Amino acid sequence: MKRDQKFFDMYSLVIGVLAFVALAIFVLSMKMSELTQSVYTAGTDEYLEAVAERLQPFGQVYLPGDTIPADEPQVAAAPSATPVAAALSGPQVYNEACVVCHGNGVGGAPMLADTANWQPRLSQGRETLNSHAINGYQGAAGYMPPKGGRLDLSDDAIRSAIDYMVSQIP
Ligand code: HEC
């Protein structure tokens with residue numbers, strides 16, 4: 001009977017100490033969370049603002065026209081590209097696209113400044129020459145490909161090349 005009593009006393013003491021430790025940890029953690037976690041009282045405007053800020057999507061974009069605050073990196077407008085070389089001149093087009101055939105009569109092409117060859121062609125009229133050169137045509141002497149195969153050239157570029165070729169006929 002005496003031993004039971006002693007065990008009971010001891011047991012109560014241990015339980016008591018454990019309960020006290022648990023309570024102490026609880027109080028301590030409450031105190032700690034107060035110090036470290038909640039800066040604002042839940043529900044106040046300050047608190048809601050802080051939450052809204054934390055919920056914002058990552059990264060924001062300034063669109064053209066937005067005023068960018070001075071402390072943000074300022075974005076310089078991209079310089080607008082200057083157009084590449086103006087339209088090619090007649091001789092330039094000729095030397096780039098036509099000289100391969102018309103330079104030495106490849107495939108029956110009328111050579112530059114070959115009056116005898118050009119005279120009957122000229123008498124067809126400039127419109128016909130233009131459309132033959134721009135659209136291509138099969139003649140008696142050979143095949144003239146549309147724009148000399150340079151479909152990237154404008155119709156005007158081809159016309160100015162013909163101007164040049166015609167001007168070279170003595
Ligand atoms: C692949 C060779 C070739 C190239 C490149 C070429 N030509 Fe010709 N061209 C010919 C041939 C061949 C003829 C003659 C066809 C015929 O009369 O039978 C001709 C004829 C012409 C004629 C005369 C058309 C007519 O009605 O008699 C003109 C104008 C002409 N070419 C302009 C040009 C111009 C401008 C270029 C460059 C943009 C060019 N050609 C590039 C082969 C070429």
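First listed ligand is number 1; within each ligand, the first listed atom is number 1. Just so you know, these numbers use all the heavy atoms, side chains as well, and skip hydrogens, waters and symmetry mates. Owing to the predicted nature of the structure, the values given are computational and were not obtained by experimental measurement.
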- Query: Hey, does the side chain of Gln168 reach the backbone of Met165 with a donor-acceptor pair shorter than 3.5 angstrom?
  - Reply: no
- Considering only heavy atoms from C-beta outward, does the side chain of Val27 approach that of Met30 to under 4.5 Å? no
- Would you say Tyr94 contacts ligand 1, with heavy atoms under 4.0 Å as the rule? no
- Message: I'd like to know whether CD of Gln56 has more than 12 heavy-atom contacts from other residues, nucleotides or ligands below 6.0 angstrom.
- Response: yes
- Item | Which of the ligand 1 atoms, numbered from 1, are nearer than 4.0 Å to a heavy atom of Val100 | 5 (C)
- Message: Check this for me - ligand 1, Gly142, N or O atoms closer than 3.5 angstrom, yes or no?
- Response: yes
- Task: Decide whether the shortest distance between a heavy atom of Thr128 and an atom of ligand 1 is less than 4.0 Å.
- Result: no
- Closest non-hydrogen protein atom to atom 21 (C) of ligand 1, residue and atom name please, with distance? His102 CE1, 3.3 Å
- Task: Give the single entry among Tyr164, Tyr137, Tyr143 that approaches atom 17 (O) of ligand 1 most closely by any heavy atom.
- Result: Tyr137
- Item | Proximal candidate to atom 5 (C) of ligand 1 [heavy atom criterion; set Ala97, Gly90, Gly103] | Ala97
- Identify which of Lys147, Met165, Met144, Arg150 has a heavy atom lying nearest to atom 39 (C) of ligand 1. Met144
- Please report which non-hydrogen protein atom sits nearest to atom 32 (C) of ligand 1, along with the residue it belongs to and the distance in Å to one decimal place. Ala133 CB, 3.7 Å
- Message: Does Gln124, at its CD atom, have more than 12 non-hydrogen atoms belonging to other residues, nucleotides or ligands within less than 6.0 Å?
- Response: yes
- Message: Atom OH of residue position Tyr137 - does it have more than 12 heavy atoms of other residues, nucleotides or ligands inside 6.0 Å?
- Response: yes
